[in-house]
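Just the heavy atoms: all of them, side chains too, but no hydrogens, waters or symmetry mates, feed the values below. Each chain gets a letter, A, B and so on, in the order its sequence line appears, and its residues count up from 1.
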Number of protein chains: 2
Amino acid sequence: MPETLYRQVAAALRAQITGGILRPGAQLPSEPELEKTFRVSRNTVRLALASLANEGLVEARQGRGTFVRERTPFLVLASAEEGAADKSDRDAFNAAVLTAGRNPDQSGFRMEVRTASSEVAARLQLDEGTLVVVRSLLRLIDGRPWSIQESFYPMDIAEGTALMSPVDIPYGTISEMARRGHVQAGYRDEVLSRMPTQTEAVQLSLGPGVPVLEMFRIAYSVERPIRLTMNVYAGDSTQLAYEIGDVSAFHVDP
Amino acid sequence: MPETLYRQVAAALRAQITGGILRPGAQLPSEPELEKTFRVSRNTVRLALASLANEGLVEARQGRGTFVRERTPFLVLASAEEGAADKSDRDAFNAAVLTAGRNPDQSGFRMEVRTASSEVAARLQLDEGTLVVVRSLLRLIDGRPWSIQESFYPMDIAEGTALMSPVDIPYGTISEMARRGHVQAGYRDEVLSRMPTQTEAVQLSLGPGVPVLEMFRIAYSVERPIRLTMNVYAGDSTQLAYEIGDVSAFHVDP
DNA sequence: CAGTGGTCTAGACCACTGC
DNA sequence: CAGTGGTCTAGACCACTGA
């Protein structure tokens with residue numbers, strides 16, 4: 001790794017951040033100040049700041065300054081048995097966020113009918129191009145966008161049910177499917193980390209250097225996939241937890 | 001979102017990539033060529049390329065050119081009951097990678113004794129500063145680094161066992177703990193997405209725009225935490241899967 | 001060796017913030 | 001209004017790759 005100028009500047013600032021001299025929320029020296037301090041041109045200063053921004057360490061705010069990023073992750077227990085509880089997704093989300101002492105909200109609910117892309121078709125074990133019902137929304141915590149959720153239902157399951165309604169279902173879509181004979185027996189989650197698309201970055205208002213955590217949840221009855229949910233979470237404020245087997249020893253609080 | 005020059009250049013290239021005109025592995029036009037095509041200065045071209053790189057779309061190679069990034073994710077079933085099988089972690093990893101038709105390897109095995117950081121102490125329900133045994137290694141797939149793994153054991157559990165040996169344990173650390181009376185009953189995984197530290201980026205040879213997927217796995221006996229494993233996976237080549245409840249309908253292959 | 005990306009400078013003007 | 005970061009240019013030299 002060459003000791004180039006902008007790397008030295010970046011390293012010096014990084015050390016101050018990880019060393020605790022510059023705490024989360026603190027403002028960095030302005031670009032002209034850094035020029036003088038390190039005796040480099042403005043572009044070099046900006047190269048250094050850009051690399052810190054892309055590491056997720058700092059965040060520049062137009063006309064105000066550059067600041068050390070703050071993180072307030074929200075932890076979701078993703079392995080809770082949803083089928084059992086007679087609650088809607090929304091209720092479960094609201095309860096979890098409120099328990100953490102924070103403020104849940106949601107917006108932008110939409111219902112559409114689309115043809116299944118190859119990704120969706122494969123996971124729902126349908127043919128590509130088959131009709132699917134898509135129900136999507138944006139979740140917020142403390143007024144800031146937190147996750148994009150899109151749920152896909154095979155048309156033959158959704159047809160003639162409340163799933164086709166363009167509004168939220170108060171008692172939950174899982175209950176609605178269950179009363180039509182599609183009882184959820186289990187689910188499979190696939191979790192991955194990537195950088196957001198442009199669209200996602202705007203919807204979740206993510207700055208550069210913030211990845212997303214993407215989760216595909218495929219719900220199964222004993223016979224077939226009955227739902228696919230795609231969640232895209234803001235990476236700087238999300239943590240998913242899974243509990244497998246007996247973890248009663250976790251829940252002791254000393 | 002302002003229609004600045006470098007954004008226009010980035011958008012044009014992004015469209016060619018997502019539209020399939022520039023396929024994974026393909027080389028982009030060189031910087032001088034892009035200057036002429038878009039009639040902008042070189043710095044503007046580089047701003048555009050940098051933003052694509054930080055989205056994880058392209059990758060610049062010194063002296064060779066800029067290329068569309070290729071992804072070959074490897075999927076891990078993280079909810080498999082490890083306690084039951086009489087296999088070591090290594091065997092499980094090797095088997096999984098080989099099944100996928102790829103080539104597993106590992107290197108850099110190390111055993112150390114450290115004092116527990118606050119993060120480690122909290123998860124193992126120990127006091128900060130308590131002694132812990134750390135066993136760490138680097139896993140590779142097809143010769144490329146894939147994950148960093150560090151396992152932490154409370155000293156009172158590790159003392160006088162094979163866990164203190166500075167080499168890999170062929171029959172697995174879980175079996176070793178079990179025969180000492182610490183039987184794994186379950187575990188809790190915490191999964192998150194973030195940008196790599198400098199060290200991690202080097203160890204996993206991650207370019208800019210590649211996040212990591214971090215997983216904390218806390219293994220419990222019926223009484224207490226017995227192990228903490230921290231995994232840091234290269235985000236562009238990892239997918240974790242969890243199966244909860246009955247997902248037998250997933251395993252049908254039509 | 002020519003062509004590629006990597007680093008760096010000096011200077012210009014703009015857009016946004018908050019006093 | 002002064003101070004901040006955002007965009008853009010023109011030109012220079014360096015380091016690496018592969019023929």
Side-chain angles (χ1 to χ4, degrees), chain A residues 1-14 17 22 25-69 198 201-202 205-210, chain B residues 1-14 17 22 25-69 198 201-202 205-210:
Chain A
M1 192 77 75
E3 269 298 305
T4 62
L5 277 180
Y6 84 90
R7 280 178 208 278
Q8 291 175 34
V9 175
L13 294 172
R14 193 185 297 110
I17 294 169
L22 286 167
Q27 180 167 9
L28 273 65
S30 73
E31 293 176 358
E33 279 180 69
L34 292 171
E35 282 186 70
K36 290 169 208 150
T37 308
F38 293 98
R39 298 165 192 280
V40 295
S41 77
R42 182 161 173 228
N43 271 359
T44 302
V45 167
R46 285 183 63 78
L47 263 184
L49 291 176
S51 68
L52 293 179
N54 290 320
E55 289 169 30
L57 283 179
V58 307
E59 179 181 14
R61 297 175 203 153
Q62 166 82 273
R64 297 216 269 150
T66 305
F67 300 83
V68 181
R69 218 169 235 158
Q198 288 291 103
V202 172
S205 65
L206 301 175
V210 183
Chain B
M1 191 76 77
E3 270 298 306
T4 62
L5 277 179
Y6 84 90
R7 280 178 207 276
Q8 290 175 35
V9 175
L13 294 172
R14 192 184 297 112
I17 294 169
L22 286 168
Q27 180 167 8
L28 273 65
S30 73
E31 293 176 359
E33 281 181 70
L34 292 172
E35 282 186 69
K36 289 171 208 148
T37 309
F38 293 97
R39 299 165 192 277
V40 295
S41 76
R42 182 160 172 231
N43 271 357
T44 302
V45 168
R46 285 182 64 77
L47 262 184
L49 291 176
S51 69
L52 294 179
N54 289 320
E55 289 169 30
L57 283 178
V58 306
E59 177 181 15
R61 297 175 203 153
Q62 166 81 274
R64 297 216 269 151
T66 305
F67 300 82
V68 181
R69 218 169 236 157
Q198 287 291 102
V202 172
S205 66
L206 302 174
V210 182

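With rounding to whole Å, A:Leu47 atom CG is found 11 Å from C:dG6 atom P. The distance from atom CZ of A:Arg64 to atom C1' of C:dC16 is 10 Å, rounded to the nearest whole Å. Taking atom CZ on B:Arg39 and atom C1' on D:dC8, their separation rounds to 17 Å, with Å as the unit. At whole-Å resolution of the value, CD in A:Glu35 and C1' in D:dG3 are 14 Å apart. Summarising the geometry, the separation between CG on B:Leu34 and P on C:dG6 is reported as 13 Å, rounded to the nearest angstrom. A straight line from CZ of B:Phe38 to C1' of D:dC8 spans 16 Å, rounded to a whole angstrom. The distance from atom CD of B:Glu31 to atom P of D:dT17 is 16 Å, rounded to the nearest whole Å. When the P atom of C:dA15 is taken as reference, atom CD of B:Glu3 falls 15 Å away, rounded to whole Å.
Between A:Ser41 and C:dA10, a side-chain N or O to OP1/OP2 separation shorter than 4.0 Å is absent. Dashed line: the shortest gap from a side-chain N or O of A:Ser30 to OP1 or OP2 of D:dT4 is under 4.0 Å.
Within 4.0 Å of A:Arg61, counting heavy atoms only, lie sugar-phosphate atoms of the nucleic acid but no base atom.
Closest to the B:Pro32 side chain, of the nucleotides D:dG5, C:dG5, C:dT9, is C:dG5. Of the listed nucleotides (D:dT4, D:dC8, C:dC8), D:dT4 has the atom at the smallest distance from the side chain of A:Glu33. Taking the side chain of A:Ala60 as heavy atoms from C-beta on, and the options C:dA10, D:dA10, D:dG6, the nearest nucleotide is D:dG6. Looking at the side chain of B:Arg7, the nearest of the listed nucleotides C:dG5, C:dT9, D:dT7 is D:dT7. Nearest to the side chain of A:Arg46, among D:dT7, C:dG6, C:dA15, sits D:dT7. Nearest nucleotide to the side chain of B:Thr44, out of D:dC8, C:dT9, D:dC13: D:dC8. Checked against C:dT9, C:dG5, D:dT7, the side chain of A:Arg42 finds its nearest nucleotide in D:dT7. The listed nucleotides are D:dA15, C:dT9, D:dG5; the one nearest the side chain of B:Gln62 is D:dA15.
Annotation: of the two residues near DNA chain C, A:Asn43 and B:Thr66, the 5′-most nearest-nucleotide partner is B:Thr66. Between A:Leu28 and B:Leu5, the one whose closest nucleotide on DNA chain D sits nearer the 5' end is A:Leu28. Comparing B:Leu49 and A:Val40 against DNA chain C, the residue whose closest nucleotide sits nearer the 5' end is B:Leu49.
Contact of the A:Leu57 side chain with the A:Val68 side chain is not registered, since no non-hydrogen atoms from C-beta on lie closer than 4.5 Å.
Of the possible donor and acceptor atoms, none in the side chain of A:Thr44 sits under 3.5 Å from a partner among the backbone N and O of A:Val40. Panel note: side chain B:Gln27, backbone B:Arg64; a donor-acceptor pair is recorded below 3.5 Å.
Remark: C:dG18 base-pairs with D:dC1; criterion is Watson-Crick or G-U wobble with both hydrogen-bond distances under 3.5 Å. A 3.5 Å limit on both hydrogen-bonding distances identifies D:dA12 as the Watson-Crick or G-U partner of C:dT7.
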Check step by step if salt bridge (charged side-chain N to carboxylate O under 4.0 Å, His left out) holds for B:Arg42 and B:Glu31. CA-CA 7 Å; B:Arg42 182 160 172 231; B:Glu31 293 176 359; 2.8 Å; yes
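Put simply, the residue from A:Val45, A:Val58, A:Leu34, A:Thr66 that forms a side-chain contact (heavy atoms from CB on, under 4.5 Å) with A:Leu13 is A:Leu34. Each of A:Asn54, A:Leu28, A:Val9 was scored for a side-chain contact (heavy atoms from CB on, under 4.5 Å) with A:Leu49, with one residue passing: A:Leu28.
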